[in-house]
Amino acid sequence: MTRPARRRQRVPLPLLLPAGLGLLFLVLPLAGLLVRTPWTTLPRRLAQPGVLTALRLSLETATAATLLCVALGVPLAWLLARVEFPGRRLVRALVTVPLVLPPVVGGVALLLVFGRRGLLGSWLDATFGVTLPFTTAGVVLAEAFVAMPFLVIAVEGALRGADARYEEAAATLGAGRWTTFTRVTLPLVAPGVAAGAVLCWARALGEFGATITFAGNYPGRTQTMPLAVYLALETDVQAAIVLSLVLLTVSVAILAGLRDRWVGVT
Amino acid sequence: MTRPARRRQRVPLPLLLPAGLGLLFLVLPLAGLLVRTPWTTLPRRLAQPGVLTALRLSLETATAATLLCVALGVPLAWLLARVEFPGRRLVRALVTVPLVLPPVVGGVALLLVFGRRGLLGSWLDATFGVTLPFTTAGVVLAEAFVAMPFLVIAVEGALRGADARYEEAAATLGAGRWTTFTRVTLPLVAPGVAAGAVLCWARALGEFGATITFAGNYPGRTQTMPLAVYLALETDVQAAIVLSLVLLTVSVAILAGLRDRWVGVT
Amino acid sequence: MTAPPLLDAHLVADRGAFHLDARLRIGAGEVVALLGPNGAGKTTALRALAGLHPLSAGHLTLDGVDLDRPDRRVWTPPERRPVGVVFQDYLLFPHLSALDNVAFGPRRRGADRRAARARARGWLDRVGLGGQARHKPRQLSGGQAQRVALARALAVEPTLLLLDEPLAALDARTRLDTRAELQRHLGAHPGATLLVTHDPLDALVLADRLVIVEQGRVVQEGDAATVTARPRTDYVARLVGLNLHRGHADGHAVTVGGLTLTTADTVRGDAFVAFPPAAVALHPTRPDGSPRNVWPATVTGVQRHGDNLRVQLAGPVAVAADVTPAAAAHLGLRPGQPVWAAVKAAETRAYPA
Amino acid sequence: MTAPPLLDAHLVADRGAFHLDARLRIGAGEVVALLGPNGAGKTTALRALAGLHPLSAGHLTLDGVDLDRPDRRVWTPPERRPVGVVFQDYLLFPHLSALDNVAFGPRRRGADRRAARARARGWLDRVGLGGQARHKPRQLSGGQAQRVALARALAVEPTLLLLDEPLAALDARTRLDTRAELQRHLGAHPGATLLVTHDPLDALVLADRLVIVEQGRVVQEGDAATVTARPRTDYVARLVGLNLHRGHADGHAVTVGGLTLTTADTVRGDAFVAFPPAAVALHPTRPDGSPRNVWPATVTGVQRHGDNLRVQLAGPVAVAADVTPAAAAHLGLRPGQPVWAAVKAAETRAYPA
Amino acid sequence: GGAGDGSSADTGGTVTVFAAASLTETFTQLGRDFESAHPGTRVVLNFAGSSALATQITQGAPADVFAAASPATMKTVTDAGDAAGAPAVLVRNQLVVAVPEGNPDRVGGLADLARPGVKVALCAEQVPCGAAARSALDAAGVRLTPATLEQDVKGALAKVKLGEVDAALVYRTDVRAADGLAAVEFPESARTVNDYPIVVLKHAGNPDGARAFVDHVRSDAGLAVLTAAGFQAPPSR
Ligand SMILES: Nc1ncnc2c1ncn2[C@@H]1O[C@H](COP(=O)(O)OP(=O)(O)OP(=O)(O)O)[C@@H](O)[C@H]1O
Ligand SMILES: Nc1ncnc2c1ncn2[C@@H]1O[C@H](COP(=O)(O)OP(=O)(O)OP(=O)(O)O)[C@@H](O)[C@H]1O
Ligand SMILES: [Mg+2]
Ligand SMILES: [Mg+2]
């Protein structure tokens with residue numbers, strides 16, 4: 001897209017004011033945390049053994065959950081955006097269920113399905129000897145469940161915004177629906193997929209309720225940063241703040257390091 | 001946008017399979033909950049006095065939080081998408097902070113800023129006699145804090161996807177940046193704003209951690225459905241499931257009732 | 001033609017309130033131009049042929065194969081039709097280079113990457129854009145983009161080639177080259193070609209036959225000579241630059257409105273009479289002499305038209321007359337002025353309606 | 001003109017590797033057509049005038065006001081320029097009806113809603129779309145959309161009107177009407193008009209003066225008569241349909257390549273010589289008689305060109321010749337065939353380079 | 001804020017009580033009892049995790065009474081100087097082994113939890129039930145690797161209930177409140193009792209009402225409600 005090359009960008013006040021307020025609203029609480037950070041004891045707290053493990057586990061599971069969401073969520077979004085089928089409207093609303101469900105209840109629901117006695121879990125256990133609760137895979141599953149709606153909704157929006165006539169052009173050139181999807185549609189909505197994946201990743205990174213309920217809390221196996229933060233909160237608010245800041249710093253650094261790629265600047 | 005009017009929609013298996021799996025993954029846990037729902041005692045449980053109050057409060061605060069997010073978040077998204085300023089990349093990454101921050105820590109951070117002893121809160125209290133924690137306004141604030149990133153990121157994506165040349169055309173017709181924003185840009189990205197608002201609303205509706213920490217858990221004033229679910233979980237998982245289903249049913253009904261409006265079908 | 005035409009279609013389709021109902025036959029190697037005013041349904045017809053818009057009735061047979069037959073529930077998806085399309089607004093894939101846009105079709109039709117690119121390079125060279133092969137569509141000017149779109153559609157060497165205004169965005173010079181190129185290609189390839197265009201010159205140069213649609217219906221068709229000589233609707237008449245009137249003929253006399261025109265041709269019954277604006281001579285007073293058709297008229301407008309001026313006249317029949325600037329100066333033409341119009345019988349053409 | 005021109009601009013701008021450096025002056029009421037091949041920088045120049053592309057140097061003065069002066073850091077945003085633009089690809093606001101699209105400008109320039117709509121309705125009627133006022137842009141055909149865009153730009157009655165191919169997507173009939181409409185409007189309005197077009201006919205009919213750009217530079221300008229009579233580049237020559245050669249003149253003789261052409265005009269030094277393809281006669285053997293310029297040539301290509309055939313010839317000079325189909329049949333023209341070309345001195349024009 | 005008229009000597013107005021989530025049922029009952037005993041007074045209850053409540057109080061939350069589930073969280077409030085006077089122990093709670101009804105794995109004591117094939121959920125050591133479990137296991141000399149270290153009792157209980165683990169170390173009151181579970185008592189639990197402290201807060205808007213409420217819950221009638229739910233009376237009584 002061509003962007004306007006206006007020489008001097010005058011930003012109108014009715015836009016600048018709420019934008020500034022919005023930014024302040026998002027950033028001030030962070031400042032509140034920074035003010036309360038125990039800077040003197042910070043190095044000691046960071047050096048504690050569990051911190052790095054939890055951080056690594058968080059990043060790994062969030063990334064794995066995002067990949068799972070992309071693999072399943074992009075086709076689902078495509079289905080919702082491009083194929084008319086009865087009940088589509090209901091399906092679309094159902095996609096938002098994990099968003100509205102309190103995460104702890106989501107965890108319970110996952111246990112009811114994938115747990116040892118669950119609908120599918122008992123079968124998985126009996127047939128393959130696979131149990132998901134209390135494993136790292138369970139963490140990924142819980143995070144993916146909670147984060148997937150973000151991906152699906154973002155990608156569906158991008159698909160609807162994309163001009164479907166490009167897909168028609170591809171069809172006249174001999175591309176079937178699958179080739180059109182991979183060669184034309186996906187590249188066209190890549191910015192939307194990236195934005196959705198970022199939302200998804202960030203949400204997975206911060207996931208707590210479903211994870212602890214479904215996968216439990218065991219250091220090195222299922223204890224992600226948010227779980228460590230919650231436990232720290234029980235005894236020591238400052239320790240929780242330090243852990244949160246570590247999580248935030250890493251994620252902001254990663255997102256800022258992605259440049260503008262995730263918002264569709266090519 | 002013109003949509004392809006293909007007579008017979010053949011959906012390729014490599015798309016249908018993951019899409020179906022994705023849908024199953026999102027919907028099965030819900031089925032798990034339904035299986036465990038105590039249908040016989042359901043009417044009695046639903047008739048309990050607190051349920052309706054909490055539901056109404058949830059819907060009201062989530063809607064108010066969404067409005068607040070739209071009012072502040074759309075201009076912020078516009079700023080990020082259309083104005084080049086130093087540090088833009090960092091600001092964009094900072095917008096995701098509430099997403100990654102465990103919500104309870106978010107609530108603590110809000111207390112540190114807007115609490116009676118907080119950075120701004122003490123000033124607000126002294127100057128205007130306004131206290132936000134433990135009020136319904138506080139619930140709105142907590143929900144808005146947690147939900148705003150969804151709106152900002154969705155709208156920024158929509159803005160970047162929109163053809164900025166329409167804005168140039170508006171400028172040549174005499175529209176300043178503000179008029180262009182309200183008359184051209186906003187209508188063009190309305191589907192994106194709607195999708196963002198839905199994400200935002202759903203996230204606000206499910207908000208728990210920041211709310212209970214910042215606004216407390218007062219029935220009728222700050223006890224939203226997720227808080228009621230949390231308390232019910234203390235004693236009775238089935239009661240919690242019932243409450244969650246009520247929340248889900250209402251939100252799915254509302255979203256399905258919006259037709260396809262929130263995904264940009266005009 | 002005794003052999004069945006390569007394309008045999010009866011396109012019935014709806015688009016909102018608009019209804020298309022048109023028969024089209026195109027022989028092997030034949031180029032048909034589809035002309036018509038804005039909104040006549042040209043693009044809709046083209047989309048129906050490409051499989052992008054469903055037929056509600058009728059049929060579509062290409063090379064003996066039924067691609068579309070709503071009554072028998074037969075339908076072929078666009079990607080399985082041996083059809084190439086140049087779209088009115090390019091639709092170049094924005095994420096691919098010019099080269100990869102052109103290579104897209106050959107790739108999908110089975111060529112390997114290297115072969116597809118080689119073919120694409122050849123086509124880009126032929127449309128004069130060999131130097132822009134690596135450019136993304138947004139780095140191309142409007143006309144360059146159109147030429148890449150042309151190359152992309154030609155690169156699949158389709159049985160039926162559909163072009164929606166392929167030359168509209170080209171500058172006069174490139175247009176000449178590309179038109180010649182296109183003509184050469186169309187001459188060489190054995191398939192059928194349908195060309196939607198607004199430019200009568202494109203149609204006359206490139207097409208073997210003209211089909212004119214208005215409001216979703218075919219109103220006239222035939223080779224260039226017939227259509228230009230014997231327009232049957234106002235639209236066609238203006239397209240070919242003729243004054244056209246419908247009246248009742250009785251031998252050499254055709255009565256149009258209140259006027260009886262004497263014509264060289266002999267017709268009886270409902271008839272058209274046509275004559276070029278250049279055949280209308282204007283006089284300040286009633287002329288004597290040979291022109292058999294003379295009537296008083298009033299100037300309603302004067303516009304420059306090429307080197308001449310085109311004068312719009314009201315009177316018993318509304319006509320346009322072309323006069324040289326010198327003649328105009330002599331007559332002192334301005335709106336409202338009365339003049340005498342004269343047309344020689346030899347310059348009129350009459351034919352049954 | 002002794003009064004300073006309404007628009008006085010020296011546009012220097014960069015777009016990627018492309019560099020534009022063009023001077024433009026347009027008087028009050030004057031219509032200037034900007035012509036040039038694809039990618040010449042026409043759209044870039046137009047965007048610079050509208051304030052959508054920054055000047056890197058030069059200046060832009062409209063009606064005595066400096067709108068752009070990079071050296072003095074003066075710049076006026078597009079919305080404060082009394083400039084109206086018709087964009088090459090319409091850019092109609094998709095969420096507004098045709099009526100509201102047209103009313104958008106008047107509304108922004110201070111008219112109240114009712115007045116703006118009334119004005120818009122008038123403009124829609126004038127472009128023949130009164131019936132489509134409530135349609136959204138996606139319900140309009142390509143040409144209808146273009147006409148709405150035209151109405152939208154005209155509705156603000158700008159001091160400087162910029163049109164990027166305003167008639168390109170219109171069908172021949174509507175084009176004639178809209179061209180006449182446009183001509184009437186341009187004649188009535190006191191501002192300056194810059195018209196980017198590929199169609200020499202549009203340029204000749206609508207414009208008082210032609211400015212031709214190639215590769216970001218102005219290569220020729222002047223009124224239609226001068227430009228058509230004395231092209232100075234290949235592009236212009238093909239635009240106006242002339243053979244053009246550059247050589248060295250010495251009185252009535254111009255030496256071009258290995259050939260010396262005798263011309264009616266007298267020039268000395270570097271010179272152009274131009275003649276129309278129709279002036280080139282072809283003969284199977286060396287002709288006797290009046291033509292002073294005779295040379296042997298080889299046919300390299302033959303294309304239909306209107307009613308005639310256009311023959312491309314190689315030889316001491318490469319030229320195009322137009323012959324009637326009858327003559328072509330007589331000569332039996334095909335590529336590779338040797339012929340004799342002849343041009344009468346009276347049909348050539350020579351002028352200093 | 002829900003504060004009443006602090007200068008008045010009666011208990012009228014509102015008493016705002018911040019209470020640990022595990023007191024939800026008992027304090028809801030006690031609040032109702034108190035209201036009927038003191039017409040015109042309203043009890044507003046705010047239930048959440050003790051530590052969240054402590055944070056809210058130290059950040060100036062308008063509360064009159066704080067009832068915590070552990071002395072440690074109470075300590076953060078007293079250390080911040082937000083308590084009026086010293087906290088009193090309201091009740092105590094004792095660890096039990098929660099097993100599914102019918103005790104399918106035949107768990108008889110702590111040692112059985114270390115049997116192979118028995119999955120156990122414990123609380124994390126940062127929360128009171130986890131610390132208590134640790135000292136009970138240490139006292140019994142049992143070493144076991146739990147499947148999970150839950151953030152609170154509720155989490156551990158839910159896992160037993162849904163069959164994800166076979167047993168969990170939780171408080172007696174929690175097992176009592178949940179159906180479908182049975183409690184297995186064990187001797188080491190005597191050493192691991194957990195105190196629930198209660199205190200009137202310094203910045204109480206209604207100190208008289210607050211004191212009256214604390215007196216009410218510590219009265220015999222109040223204790224009866226609490227012990228009925230499985231709590232133990234404090235040692236001083
Ligand atoms: N998406 C649409 N929805 C409803 N009606 C449409 C749509 N697109 C086009 N139409 C209508 O269908 C008719 C035929 O349109 P079509 O695009 O086929 O015309 P066209 O002959 O190609 O015109 P042009 O020369 O302007 O491109 C028009 O009257 C138009 O108003
Ligand atoms: N967004 C862009 N980025 C870089 N280069 C561009 C961009 N747009 C155009 N150009 C280049 O700038 C030059 C001028 O383009 P411009 O659009 O002004 O040409 P034009 O004369 O309007 O052509 P056309 O007749 O095809 O519309 C071209 O060579 C083109 O390749
Ligand atoms: Mg069309
Ligand atoms: Mg251009």
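Chain identifiers are assigned alphabetically (A, B, ...) following the order of the sequence lines, protein sequences preceding nucleic acid strands; residue numbering begins at 1 within each chain. We use all heavy atoms of the structure for the numbers below, so side chains are in, but hydrogens, waters and symmetry mates are not.
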**Complete:** In this structure, CG of Leu99(A) is separated from CG of Leu205(B) (nearest 0.5 Å) by 9.0 Å
**Asked** Highest number of heavy-atom pairs under 4.5 Å with chain A: which of Phe181(B), Phe208(B), Phe150(B)?
**Response** Phe150(B)
**Item:** Least distance between heavy atoms, Ala19(A) atom then Leu79(B) atom
**Value:** CB-CD2, 4.1 Å
**Prompt:** Quick one: what part of Leu243(A) sits under 4.5 Å from any heavy atom of chain B, side chain, backbone, both or neither?
**Reply:** neither
**Asked** Side chain, backbone, both or neither: which part of Ala144(A) has a heavy atom under 4.5 Å from chain B?
**Response** both
**Request:** Against chain A, work out which of Leu17(B), Val252(B), Ile241(B) has the most heavy-atom pairs shorter than 4.5 Å and name it.
**Result:** Val252(B)
**Prompt:** Considering only heavy atoms from C-beta outward, does the side chain of Leu101(A) approach that of Leu33(B) to under 4.5 Å?
**Reply:** yes
**Prompt:** Pick from Leu245(A), Val229(A), Leu248(A): which one makes a side-chain contact (heavy atoms from CB on, under 4.5 Å) with Val105(B)?
**Reply:** Val229(A)
**Asked** What pair of heavy atoms forms the shortest contact from Phe25(B) to Leu141(A), and how long is it?
**Response** CZ-O, 3.4 Å
**Prompt:** Using non-hydrogen atoms only, which part of Phe85(A) is less than 4.5 Å away from chain B: side chain, backbone, both, or neither?
**Reply:** neither
**Message:** Can you tell me which portion of Val95(A) sits under 4.5 Å from chain B's heavy atoms? Options are side chain, backbone, both or neither.
**Reply:** both
**Of all pairs that satisfy side chain to side chain donor-acceptor pair (under 3.5 Å), the ones with a partner from residues 193-211 of chain B, not counting sequence neighbours** = Thr63(B)-Trp201(B), Glu207(B)-Thr211(B)
**Request:** Could you pull out the closest heavy-atom pair between Ala109(B) and Pro29(A), with the gap in Å?
**Result:** CB-O, 3.5 Å
**Prompt:** Under 4.5 Å between any side-chain heavy atoms of Val250(B) and Val100(A), yes or no?
**Reply:** no
**Fill in**
d(Leu28(B) CG, Leu112(A) CG) to nearest 0.5 Å is 11.5 Å
**Item:** Atom group of Val97(A) that falls short of 4.5 Å from chain B, counting heavy atoms
**Value:** both
**Request:** For chain B, find which of Pro98(A), Gly206(A), Ala240(A), Pro75(A) contributes the most heavy-atom pairs closer than 4.5 angstrom.
**Result:** Pro75(A)
**Complete:** Honestly, the part of Pro14(A) sitting under 4.5 Å from a heavy atom of chain B is both
**Message:** Is any side-chain heavy atom of Pro103(B) closer than 4.5 Å to one of Tyr230(A)?
**Reply:** yes
**Asked** Of all heavy-atom pairs between Pro12(B) and Trp78(A), which one has the smallest distance, and what is that distance?
**Response** CD-CH2, 4.0 Å
**Item:** Spatial distance of atom CG (Leu21(A)) from atom CG (Leu72(B)) [nearest 0.5 Å]
**Value:** 6.0 Å
**Request:** Name the region of Val237(A), side chain, backbone, both or neither, that has any atom closer than 4.5 Å to a heavy atom of chain B.
**Result:** side chain
**Between CG on residue Leu16(B) and CZ on residue Arg177(A), distance to nearest 0.5 Å** = 11.0 Å
**Asked** Using non-hydrogen atoms only, which part of Ala154(A) is less than 4.5 Å away from chain B: side chain, backbone, both, or neither?
**Response** neither
**Item:** With sequence neighbours excluded, residues passing salt bridge (Lys or Arg N to Asp or Glu O under 4.0 Å) with Arg117(B)
**Value:** Asp82(E)
**Message:** So Leu247(B) and Pro102(A), do their side chains get closer than 4.5 Å, heavy atoms only?
**Reply:** yes
**Item:** CG on Leu26(A) to CG on Leu76(B), rounded to 0.5 Å
**Value:** 6.5 Å
**Prompt:** Given that the side chain runs from C-beta out, which part of Leu119(A) has a heavy atom under 4.5 Å from chain B: side chain, backbone, both or neither?
**Reply:** side chain
**Prompt:** Which distance, rounded to the nearest 0.5 Å, do you find between the CZ of Arg92(A) and the CG of Leu23(B)?
**Reply:** 12.0 Å
